[in-house]
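Below, chains carry the letters A, B, ... as their sequence lines are ordered, and counting in each starts from 1.
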There are 2 protein chains.
Amino acid sequence: MNTKLIPPQATVKRLSIYLRFLNSLGKDIKMVSSQELAKKLALNPAQVRKDLAYFGDFGKRGVGYSVKKLKEQINKILGLHKTRNVGIVGIGRLGMALACYPGFEKKNFKVCALFDKVPKALSPKIGEATEILDITHLPKVVKDKDIEILILTVPVEAIKEISDMVMTSGVKAVLNFAPFKLLSTEDVHVHNVDLSTELEFLSYSLNLKDSPKEDPAEELYGIPTQLL
Amino acid sequence: MNTKLIPPQATVKRLSIYLRFLNSLGKDIKMVSSQELAKKLALNPAQVRKDLAYFGDFGKRGVGYSVKKLKEQINKILGLHKTRNVGIVGIGRLGMALACYPGFEKKNFKVCALFDKVPKALSPKIGEATEILDITHLPKVVKDKDIEILILTVPVEAIKEISDMVMTSGVKAVLNFAPFKLLSTEDVHVHNVDLSTELEFLSYSLNLKDSPKEDPAEELYGIPTQLL
DNA sequence: AAAACTATGTGATATTATTCACAACAAATC
DNA sequence: GATTTGTTGTGAATAATATCACATAGTTTT
């Protein structure tokens, strides 16, 4: 087994993609090859094999990988067999959309508290949460309900005042959707998702196609036409 | 100037982060150094300089970068000076949240059509859209309204039937939020954002921390305890 | 049971991305 | 105007990641 190296971050993210693909397969499909996985996910077959080999010899030569076994293994590697308690901070449209997202429950993420500046009762309840709690209660609730992950969907103006409370609350991980790069600390692992950044990347790609070097000014920027 | 190399994808994504940071600075801050940018964004100063140098010599030695000039340049590089027409497909909670997201307008992304299985009038209008259009009208509307980017926020069950229509509609780029890896083609550049994957990556990190490192060798191997 | 096929696991190699280290330059101070 | 301080831009070194290529092993066919 290939245990001499620690798995790259990129590998871990792909595991999640593999799992999703495996879950989408019909029940009659028992085996899958690196070839197939690679083709459906626009990856290199060797990369798929290497990714999986970081965690064990899951495949059978000449045959492929057992779908059932692979799903189990990836679930285990990603820690999806354990339930994680999740809180959501900032219940605007996006926060509410995430709170109601059925995919979380399926993956063992339990939404068990919602926080906002404006508290409010909820009926019906969302996940385990029967009300939107005042944000000042966050530190206590995180401890009481054993919340490991907080999802931040507050407006960017609020992030500064809220981030202190969040980072010192005892939570272990934060998924931040506010358009502000929140930094990880020793104790809290932060992952930032920026919706604008994603669109801006697309805009860059479009911009490349738009200007096929007609404009000499554009040349200055060394914009690569071949990138996409 | 460093125009001999094409800028890495990673560089382009960071430009967006730089821009966001620059926009958050007070009006009185005229200059900024790679040191400062790096510190606030948890990056290496050399990386910041190199990223910027791919596109031109924007800085002044001994001084730093002009905030105003840098903002202008990044806006131009990312193509944010041009307005892009955007359509959103699947107006559930997430689709609606994105449709109403004020950040898009600020970056020159104009939401000009919403599509769903269930059409509906809208008042007040959202962006440029006065109604939710029946999804069957998508190909025509994309052409008529000159939509360059489609954002997909349909449920995963619908993605297969909808993706064909989307990919052949003449749109140039797609931002897909459905938990399914949609592949780019020659004509359409697809970017996938998966909310579950983000959470699952955090789960993996928590899982590593959970397993106490009894054996010092474990630290080297980076393998979750339960797999050994 | 040998040959032909198929698919994994992985060492070697190639590619991409990051960081170091320093020359080149700008401004401030003596 | 020489010296000190600060900061960029970039070649070189390093690190991370991806791909190639093939030995190894399971399966099927003859």
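Across the protein-nucleic acid pair, B:I6 atom CD1 and C:dT16 atom C1' stand 10 Å apart, rounded to whole Å. One atom, CD of A:Q9, and another, P of C:dT18, lie 12 Å apart when rounded to the nearest Å. B:L41 has its CG atom 16 Å from the C1' atom of C:dT18, to the nearest Å. Taking atom NZ of B:K30 as the reference point, atom P of C:dA27 lies 17 Å away to the nearest angstrom. One can place CE of B:M31 at 11 Å from P of C:dA28, the figure rounded to the nearest angstrom. The interatomic distance linking B:L52 (CG) with D:dT10 (C1') rounds to 14 Å, in whole Å. Between A:Q47 atom CD and C:dT16 atom P there is a gap of 13 Å when expressed in whole angstrom units. Atom P of nucleotide D:dT10 and atom CZ of B:F55 are separated by 14 Å, given to the nearest angstrom.
Considering A:T153, A:V193, A:V190 in turn, A:V193 is the only one that fulfils the side chain to side chain contact (heavy atoms under 4.5 Å, CB included) rule with A:L175. Of the residues A:I74, A:L70, A:I77, the one that meets the side chain to side chain contact (heavy atoms under 4.5 Å, CB included) test with A:L19 is A:I74.
In this model, no side-chain donor or acceptor of A:K50 finds a partner on the base of C:dT10 within 3.5 Å.
Salt bridge present: A:K68 and A:E72 bring a charged side-chain N and a carboxylate O closer than 4.0 Å. Taking a cutoff of 4.0 Å between a charged side-chain nitrogen and a carboxylate oxygen, B:K172 and B:D187 do not qualify as a salt bridge. Taking 4.0 Å as the cut-off between side-chain N and carboxylate O, B:K107 and A:E200 count as a salt-bridged pair.
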Contact string for nucleotides 2-8 of chain D, one letter per nucleotide 5' to 3', B = base within protein heavy-atom range under 4.0 Å, S = sugar-phosphate only, - = neither, reads ----BBB
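When side chains are defined from C-beta on, B:E148 does not count as touching B:N85, because their heavy atoms never get closer than 4.5 Å.
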